[in-house]
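Everything quoted here is computed from the prediction, not taken from an experiment.
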Amino acid sequence: MKDFFSSLFSAQNAVDNADGGFPFWIFWLLVFIILLLLVFIFLRDKDLRHRLDSFFKGIKNRLRKVRLLATLKKEQQKHEDFMLELGRKAWEEDVEVPSANSLRNQLARLDKQKSDLQDKRAGQEEKIAGVNKEMTDFQKKQEAAGLKLEVEMKPYVDKLEEVKTQEKDTGREISQKKSDLDAASKELSAAEKDLMALKEKGDILEEVKKFELESLEEKIKALAQRKIEADAVLRELKEKKAGLDKEISAQQKTADDFQRKIKKNKDQTKDRCRKYQKDIREWEKQRDKVTESIEEIEKQKTPLCRSLGEHVDTERVNHEELEILYTKIDRTKIKTQELEGQIKNLE
């Protein structure tokens with residue numbers, strides 16, 4: 001067929017390129033006639049038609065077989081699930097199955113192990129809950145103690161801030177008084193120099209000199225008094241500042257003591273909670289191991305329950321809770337047989 005089309009298109013190219021050859025439409029007429037001949041040959045050749053029919057029928061049967069196999073697999077899985085459910089139900093209802101005493105003994109042993117493990121896990125859960133509660137209670141207690149310390153510390157902190165403010169104000173007053181004292185000292189020194197100079201002058205009238213001397217002496221006296229008063233105030237301010245510094249030191253010491261207690265409270269809380277959390281993690285690890293053991297027992301029970309289901313189905317033990325499962329199992333068996341028959345017919 002490939003050679004045919006190759007020759008066909010080669011012929012077409014030859015026609016297209018030929019100089020003075022057949023018209024183009026004659027080429028397509030010949031192609032059409034050839035196709036008609038092929039169809040005619042196909043219709044007359046029964047063996048060819050049969051082979052094509054068999055080919056397409058084979059594809060159709062294979063596709064149908066794939067669908068039937070998928071359906072069969074689902075039915076077989078449903079049957080397995082029903083058998084497992086039957087075995088579990090028979091075990092839960094304590095159905096007597098004489099042929100499965102060994103299976104029942106194994107299931108009883110596994111259930112006993114599972115029950116013991118569940119009790120152990122319940123105890124571990126109780127331990128975890130207990131440690132969690134103990135940690136929560138401890139945190140609340142420590143938090144309350146910390147709040148109490150902060151409340152007790154607040155008056156000292158407030159007082160400390162107040163005294164620091166007073167100390168700053170006093171410091172500014174001391175600076176101002178020192179400036180006043182320095183100014184008074186300078187003025188006094190200048191007045192005393194003027195007085196000495198005036199006494200040594202001899203070229204002024206005696207009355208004028210006497211008046212100026214009295215004026216300077218009054219000024220010197222006033223400046224000396226001003227200096228004495230400023231010095232007294234400065235001493236008082238320094239004493240006040242020294243007292244404030246002592247009070248600041250005392251208040252700061254008390255506030256620092258409270259801060260240390262608060263920090264100690266927080267550190268104790270952190271350390272104890274870290275220990276609680278470590279204990280909780282350890283208990284959780286043990287609980288998880290027990291849970292894994294319980295899950296492993298459930299895995300071991302699954303094939304045993306499946307086998308028990310086989311025995312119960314074979315003996316068809318009379319029990320109300322099992323009747324509906326018998327019906328489901330019978331339906332899957334019938335459906336499976338039908339599907340297997342259909343698949344066999346397609347082979």
Side-chain angles (χ1 to χ4, degrees), residues 54 56-129 283-347:
S54 298
F56 289 116
K57 185 178 180 181
I59 294 176
K60 181 180 178 182
N61 287 342
R62 282 195 291 274
L63 291 174
R64 187 182 176 195
K65 184 178 179 181
V66 169
R67 289 195 297 270
L68 289 172
L69 285 171
T71 306
L72 176 62
K73 187 176 180 180
K74 289 181 181 178
E75 286 299 321
Q76 289 173 339
Q77 186 58 52
K78 283 168 64 176
H79 178 76
E80 289 296 314
D81 294 341
F82 289 147
M83 294 299 288
L84 177 59
E85 187 179 354
L86 179 65
R88 284 175 173 166
K89 194 69 177 176
W91 177 244
E92 289 173 6
E93 298 294 329
D94 196 22
V95 176
E96 291 291 337
V97 187
S99 63
N101 286 332
S102 175
L103 288 173
R104 287 170 54 80
N105 290 336
Q106 292 180 63
L107 286 168
R109 177 177 56 80
L110 289 174
D111 273 357
K112 178 65 170 60
Q113 292 177 3
K114 179 181 175 182
S115 178
D116 292 342
L117 287 172
Q118 285 175 331
D119 290 342
K120 185 177 181 180
R121 184 172 63 179
Q124 291 166 340
E125 292 283 2
E126 188 177 344
K127 278 285 187 183
I128 292 170
W283 281 112
E284 286 176 341
K285 285 181 183 177
Q286 295 182 27
R287 177 202 61 191
D288 293 342
K289 287 181 181 178
V290 172
T291 300
E292 289 175 4
S293 299
I294 292 172
E295 291 172 353
E296 183 60 32
I297 287 174
E298 281 299 319
K299 290 179 182 178
Q300 294 177 28
K301 284 179 63 179
T302 297
L304 297 176
C305 287
R306 170 67 179 77
S307 298
L308 179 61
E310 286 280 1
H311 285 275
V312 174
D313 181 55
T314 301
E315 299 187 17
R316 287 295 166 115
V317 181
N318 187 21
H319 194 282
E320 182 180 358
E321 296 293 330
L322 306 180
E323 293 300 327
I324 189 169
L325 287 171
Y326 291 150
T327 303
K328 291 180 179 179
I329 290 170
D330 289 341
R331 281 203 298 266
T332 58
K333 285 180 179 179
I334 294 170
K335 184 68 174 176
T336 300
Q337 290 173 357
E338 290 177 354
L339 290 168
E340 287 175 344
Q342 293 177 33
I343 292 169
K344 188 174 182 181
N345 291 334
L346 292 174
E347 294 175 351

More than 12 heavy atoms of other residues, nucleotides or ligands under 6.0 Å from NZ of Lys333: yes or no? yes
How far apart are the closest heavy atoms of Thr336 and Thr332, and which atoms are they? OG1-O, 2.6 Å
Quick check: closest heavy atoms across Lys114 and Ile297, and the distance to 0.1 Å? N-CD1, 3.8 Å
Can you name the nearest heavy-atom pair linking Leu86 to Gly309, along with the distance? CD2-O, 3.4 Å
Check Asp116 with Lys120, please: is the shortest side-chain N to carboxylate O separation under 4.0 Å? no
Before accepting this row, confirm whether a basic side-chain N of the pair Arg88/Glu85 lies closer than 4.0 Å to the acidic partner's carboxylate O. no
Closest approach of Leu107 to Leu308 (non-hydrogen atoms, all atoms of both residues): CD1-CD2, 3.9 Å
How long is the straight-line distance from CD of Gln76 back to CG of Leu69, given to the nearest 0.5 Å? 9.0 Å
Residues, nucleotides or ligands: over 12 heavy atoms within 6.0 Å of Glu126 CD: no
Any chance you could lay out the side-chain contact (heavy atoms from CB on, under 4.5 Å) test for His311 and Val317, step after step, and finish with the verdict? CA-CA 9 Å; His311 285 275; Val317 181; over 6 Å; no
Is it true that Arg316 and Asp330 make a salt bridge, defined as a side-chain N closer than 4.0 Å to a carboxylate O? yes
Taking the side chain as C-beta and beyond, is there a heavy-atom pair between Glu340 and Lys344 under 4.5 Å? no
Does Glu125 come within less than 4.0 Å of Arg121, counting only side-chain N to carboxylate O? no
Evaluate Gln106 against Gln300 for side-chain contact (heavy atoms from CB on, under 4.5 Å), listing each step before the verdict. CA-CA 10 Å; Gln106 292 180 63; Gln300 294 177 28; over 6 Å; no
CD1/Ile128 to CD/Gln286 distance, rounded to the nearest 0.5 angstrom? 9.0 Å
So does Ile324 have more than 12 non-hydrogen atoms from other groups sitting under 6.0 Å from CD1? no
Trace of the side-chain contact (heavy atoms from CB on, under 4.5 Å) decision for Asp111 with Trp91: CA-CA 11 Å; Asp111 273 357; Trp91 177 244; 2.6 Å; yes
